[in-house]
Amino acid sequence: MDSFQSTTVFWVVFMLSCGMIFNQNAAADNVRYYDFKIEYANVSRICHSKVLVSVNGQFPGPTVYAEEGDRVVVKVTNNVQSNVTIHWHGVRQLLTGWSDGPAYITQCPIQAGQSFTHDFRVISHRGTLFWHAHISWLRATLYGAIIIYPRRGLPLPFPKPEKEFPVLLGEWWNGDVEQIEKDALRTGGVPNISDAFTINGQPGPFYNCSTADVYKLKFKAGKTYMLRMVNAALNQDLLFGIANHSLTIVEVDGEYTKPLTVPVLVLSPGQTADVLVTANQHHGRYYMAAKPYISAPVPFNPFPTTAIIEYEASTYAELSQPPVFPSLPASNDTVYGENFFKSIRSLNSKEYPIQVPQTVDRNLLFTVSFNLKACPSGQLCLGPGGLKFSSSMNNISFSFPSISIMQAYYYNIGGVFSPDFPDMPPHPFNYTGPMLSNPQPEAGTKVNLIPFGSNVQLVLQDTSTATLDSHPIHLHGYSFYVVGQGVGNYDPSKDPATFNLIDPPYRNTVAFPRAGWVAIRWKADNPGVWFMHCHLEAHTSWGMEMAFLVTNGKGKDQTLPPPPEDLPKC
Ligand code: C2O
Ligand code: CU
């Protein structure tokens with residue numbers, strides 16, 4: 001470790017230990033070094049002890065801190081048997097696509113005994129993002145927060161909180177998550193649901209044998225705290241609330257918002273939010289709780305995960321009362337959820353301006369569907385009607401190649417992918433009408449070509465192909481403006497008139513309404529291969545994903561640089 005590196009580590013440790021939150025004193029052109037050792041850790045929850053894959057033995061993994069503009073260098077060393085990659089979810093990776101991390105899209109996996117150093121800058125983000133594994137279902141245990149402070153000299157757009165707490169929502173399986181995915185793909189049925197949801201890795205007391213596994217935090221009466229919320233769950237949208245306390249959202253997906261006070265937060269997997277909470281209640285103890293939010297009648301674990309907020313200076317009598325439980329909407333209250341998502345607006349201030357593309361060069365409409373596919377003869381399949389579950393975008397169910405698409409593109413290796421992912425559904429139909437009689441998708445490894453600098457508009461359209469649902473769609477390499485949403489089939493002659501081109505939310509993951517659509521826009525100024533997928537991991541396993549290939553531009557700093565020398569080999 002050189003001295004710069006140890007200084008940075010010292011600062012991080014120092015900031016953590018004195019609870020200092022907004023580090024305004026860091027040296028110019030900061031580099032933040034992290035060492036991520038992928039290793040086995042023995043972790044016990046709900047009376048079940050298992051060996052899971054971790055970073056540095058921690059579960060959840062270490063927090064990465066940066067100030068906007070910093071360079072972040074993370075050496076990832078794989079000391080386990082499974083292939084691993086790490087993705088920096090929401091980080092734009094401007095001209096650093098090789099550091100993005102999705103397996104077989106921008107890199108081959110890091111194999112046992114190998115290492116790969118990610119090197120990127122954190123630009124045009126502030127707030128909370130997260131990192132996670134990006135291969136199979138390993139992100140169930142491999143995830144941690146990324147905390148980004150504004151560029152030095154820029155004021156926070158809200159009063160400085162007393163203290164901040166990362167609150168990472170996750171899912172715990174007693175079994176081996178890689179095996180659960182394999183079993184589901186083999187049988188074609190729905191994968192096993194998780195055994196518990198978690199807050200910072202702890203389920204809280206509402207599961208069998210879980211009373212000891214509780215995350216706790218302390219509030220001082222009268223102070224305001226920031227919760228840095230991450231939905232790191234694999235397969236579940238979640239509702240989150242705190243008993244008797246309201247939540248003021250000031251940031252989502254790494255961009256500040258107009259303050260929005262709500263009783264309950266809705267977070268899809270892949271979404272993050274900074275919320276302010278004022279300790280304005282009586283002394284005592286309060287639960288914070290998360291439970292499933294569902295848009296389709298699918299199986300789910302109904303029990304909430306909880307953590308306990310305790311007011312300092314509470315009396316013994318106050319502490320011996322059971323904590324107060326929050327009132328949360330019903331899990332299927334999609335009216336609450338859709339209004340929630342529609343209410344978020346970008347801050348769009350002088351210090352934190354946004355730039356919504358006002359015109360469009362590339363007009364895209366992608367259907368997002370569940371499908372069913374044939375059961376191989378001689379096999380017993382567990383999907384509906386004895387078929388296998390599948391999923392698709394524009395009726396193409398994505399097949400992962402055996403080397404990464406970006407390497408194949410960069411080195412001109414043929415036969416890995418084709419550049420003909422359609423701009424529009426290949427066979428238009430009444431997307432939200434009656435269910436289709438033949439919901440078979442086509443398999444393929446296709447990318448959609450975007451010329452550098454295009455203003456892209458993409459409408460994501462739900463379909464009733466096999467079942468209507470809401471899907472949190474995540475784009476790599478960019479954040480996008482969520483300019484419009486609606487129910488039914490998108491109508492290009494009427495719906496654009498309803499778009500918000502002034503202060504739409506700027507996100508990296510958006511859930512469209514069930515039986516509806518959402519329209520997003522972004523400027524394609526980052527060359528490379530960028531994955532886009534449903535952030536419900538089960539749906540990605542079934543093929544609900546594709547990639548964009550953004551070409552190089554002609555100007556300076558508009559070309560994808562060559563891959564780093566240690567980029568893993570397949
Ligand atoms: Cu959070 Cu492609 O991932
Ligand atoms: Cu989905």
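In listed order, ligands and their atoms are each counted from 1. Note: hydrogens, waters and symmetry copies are ignored here, and every other heavy atom, side chains too, is used.
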* **Residue H533, metal atom 2 (Cu) of ligand 1, N/O/S under 2.8 Å** => yes

* To do: Check whether any N, O or S atom of H134 sits under 2.8 Å from atom 2 (Cu) of ligand 1.
  => yes

* Is it true that some N/O/S atom of H474, main chain or side chain, lies under 2.8 Å from atom 1 (Cu) of ligand 1? -> no

* Within the 6.0 Å centroid threshold, strictly below: Y481 and Y506 -> yes

* Asked: Do K523 and N455 have side-chain atoms, one donor and one acceptor, less than 3.5 Å apart?
  -> yes

* Whether H87 has an N, O or S atom under 2.8 Å from atom 1 (Cu) of ligand 1 -> no

* To do: Measure the acute angle between the ring planes of Y65 and Y149, then classify it against the limits of 30° and 60° as parallel, tilted or perpendicular.
  => parallel

* H89 atom (N/O/S) at minimal separation from atom 1 (Cu) of ligand 1 -> ND1

* Asked: Of all N/O/S atoms in H539, which lies nearest to the Cu ion (ligand 2)?
  -> ND1

* **Side-chain donor-acceptor contact under 3.5 Å, N395 with H427** => no

* Can you name the N, O or S atom of H476 that is closest to atom 2 (Cu) of ligand 1? -> NE2

* Would one find an N, O or S atom of H132, in either backbone or side chain, under 2.8 Å from atom 1 (Cu) of ligand 1? -> yes

* Asked: Quick check: are there more than 12 heavy atoms from other residues, nucleotides or ligands sitting under 6.0 Å from CD of Q111?
  -> yes

* To do: Compute the centroid of each ring, for W88 and then for F130, and state whether the two points are separated by less than 6.0 Å.
  => no

* Short check: any N/O/S atom of H471 below 2.8 Å from the Cu ion (ligand 2)? -> yes

* Do the side-chain N and O atoms of N448 and R362 include a donor-acceptor pair separated by under 3.5 angstrom? -> yes

